[in-house]
Amino acid sequence: MMEMTAEERSLIKHLDKCDFTEIHRHFVDKAAAWRALPREEKQKLKEEAEKLEHEFGYCTLDGHREKIGNFKTELPGLFCGRGDHPKMGMLKRRIRPEDVVINCSRDSQIPEPPAGHQWKEVRSDNTVTWLAAWTENVQNSIKYIMLNPSSKIKGEKDWQKYEVARRLKRVVEEIRSQYRTDWKSPEMKKRQRGVALYFIDKLALRTGNEKEEGRTADTVGCCSLRMEHVRLHMYANGHKHVVELDFLGKDSIRYYNWVPVEKAVFQNLQIFMENKDPGEDLFDKLTTSSLNKHLQDLMDGLTAKVFRTYNASIVLQEQLRVLTRAEDSIAAKILAYNRANRAVAILCNHQRATPKTFEKSMRNLQTKIQAKKTQIAEAQGELRKAEGDYRIKGDGKSKSILEKKQRLLQKLEEQLVHLSTKATDKEENQQVALGTSKLSYLDPRISIAWCKRFGVPVEKIYSKTQRAKFAWALAMVGEDFEF
DNA sequence: TCCGATGACTCAGAAAACTATTT
DNA sequence: AAAATAGTTTTCTGAGTCATCGG
């Protein structure tokens, strides 16, 4: 890899005046070369990769062979942050063995560094779960080699997370009445805490730690909201006391919402916002650590992010209850599941870019629907003819033809319903990302129990890797599980 | 008590890789 | 029957959360 010389650095002022076609062509050609490779060659390369994974992709922990999540260090390249990142385009250096710290037990077979190289350090720290680590040069942060989500250590942690959220379920009403009381506190700090907690609970906002200015993209969460992100409307869209929230959250995903709130919340916000400039903090007397300290006092293990887990899982359970009908087909039940999943994703503001082929595939689906409607019209015509035939002849043969036509029409109508539901599902899902909530917020036991109760094969809901990740839940849960 | 820095872990969507379907 | 296309799954690595530590 080549770096710019000092001379080039002073010469180049605008990247958009640079010609990148050469490197672009390089990658296009590389992709084309791979496509053009004969089948056997591809197979050979794949087998080599598999061999590598077999050798380096696993470790032994407490006597068990476990899969590693990321067994390769990150490749050198240009740093590509999300959103308007001040460090975008910086050179990410290649990781050498001399950068890497190895963590394994003393009596284990310590991995050999490549010939002619040495590890930065070999240590034996059994209080952490990582196997190796290095410091990445762009953000100066530590990167880790850790176990796969299917491992025992990750699975247990995942289970614990949902158990904490279930404990919150038992005390959440009490906590809610507590933060409502705080809205009236003479201490402004408590009022801010109460309102922030209301947002975190009701809108599933992230905590919002403060970040050092200028080092990362300018994004916020609840506690770091600024004046410029909030607008108050006494009346809007037929509601009283509406709060307009508009800010960039994690990964610079926009959060945009008009929320009717309780009068006390609205009035408190008016007080918090008095005499402040757009760049000032809304909750100026609140920090994430004081908020979490308070939550810890209310319940052992409670932190702000637990509300997201709790509310996500509760919404899934409730939506599945509302949307599932036992007499529906498997396909209809899966659509109900997706809808419930979507309700959670919307709550958590999990968005995706509209897929590149969205419009086209939507059109294709509409074409299929039209074709089905035409078929139905034809079948109706034939049915009427058969009816007339039967009325005139009244014999067994014409009766059986009539019945056949009736069955055909019914089948076609069912297919149409299925297609239309699918289209609606696709349409509603255009900009919603379901994956994150499914993987990180929804207690898998809710989904598995639902599958068992309604006879939906688990494979229809969870892919192979997802089933491996949720093995702990598959092993323990029956159809009567309640979150 | 209160910071600011750091470390270790979870969670995030895009892109790549793979698989199924259509042409 | 093979190639193109569409749909699904997995990988990748950046971006958060939160506890702890030292002053």
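Since the model is a prediction, treat every value here as computed from it, not as a measurement. Proteins get letters first, then strands, A, B, ... in listed order; numbering begins at 1 in each.
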* Is it the case that more than 12 heavy atoms not belonging to A:Lys161 sit under 6.0 Å from its NZ atom? -> yes
* To do: Examine C:dT10: is either OP1 or OP2 under 4.0 Å from a nitrogen or oxygen in the side chain of A:Ser463? Give yes or no.
  => yes
* Looking only at side-chain N and O atoms, does A:Thr288 come under 4.0 Å of OP1 or OP2 in C:dT17? -> no
* Within the pair A:Lys157 and B:dC9, is there a side-chain N or O less than 4.0 Å away from OP1 or OP2? -> no
* Structure fact -> Expected string for nucleotides 11-23 of chain B under the B/S/- scheme (protein heavy atoms, under 4.0 Å, primed atoms plus P, OP1, OP2 as sugar-phosphate) is BSBS---S-----
* **Options B:dC9, C:dC18, C:dT10, nucleotide nearest the side-chain atoms of A:Met146** => B:dC9
* Any chance the side chains of A:Tyr179 and A:Asp201 put a donor and an acceptor closer than 3.5 Å? -> yes
* For A:Asn292 and C:dC18, is the shortest distance between a side-chain N/O and OP1 or OP2 below 4.0 Å? -> yes
* To do: In whole angstrom, give the distance that lies between atom CG of A:Leu75 and atom P of C:dT11.
  => 16 Å
* Classify every nucleotide of nucleotides 1-7 of chain C by which part a protein heavy atom approaches to under 4.0 Å, writing B for the base, S for the sugar-phosphate alone and - for neither, in 5'-to-3' order. => ----SSS
* Asked: Would you say A:Lys293 reaches C:dC18's phosphate, i.e. side-chain N/O to OP1/OP2 under 4.0 Å?
  -> no
* Any side-chain N or O of A:Thr219 under 4.0 Å from OP1/OP2 of C:dA15? -> no
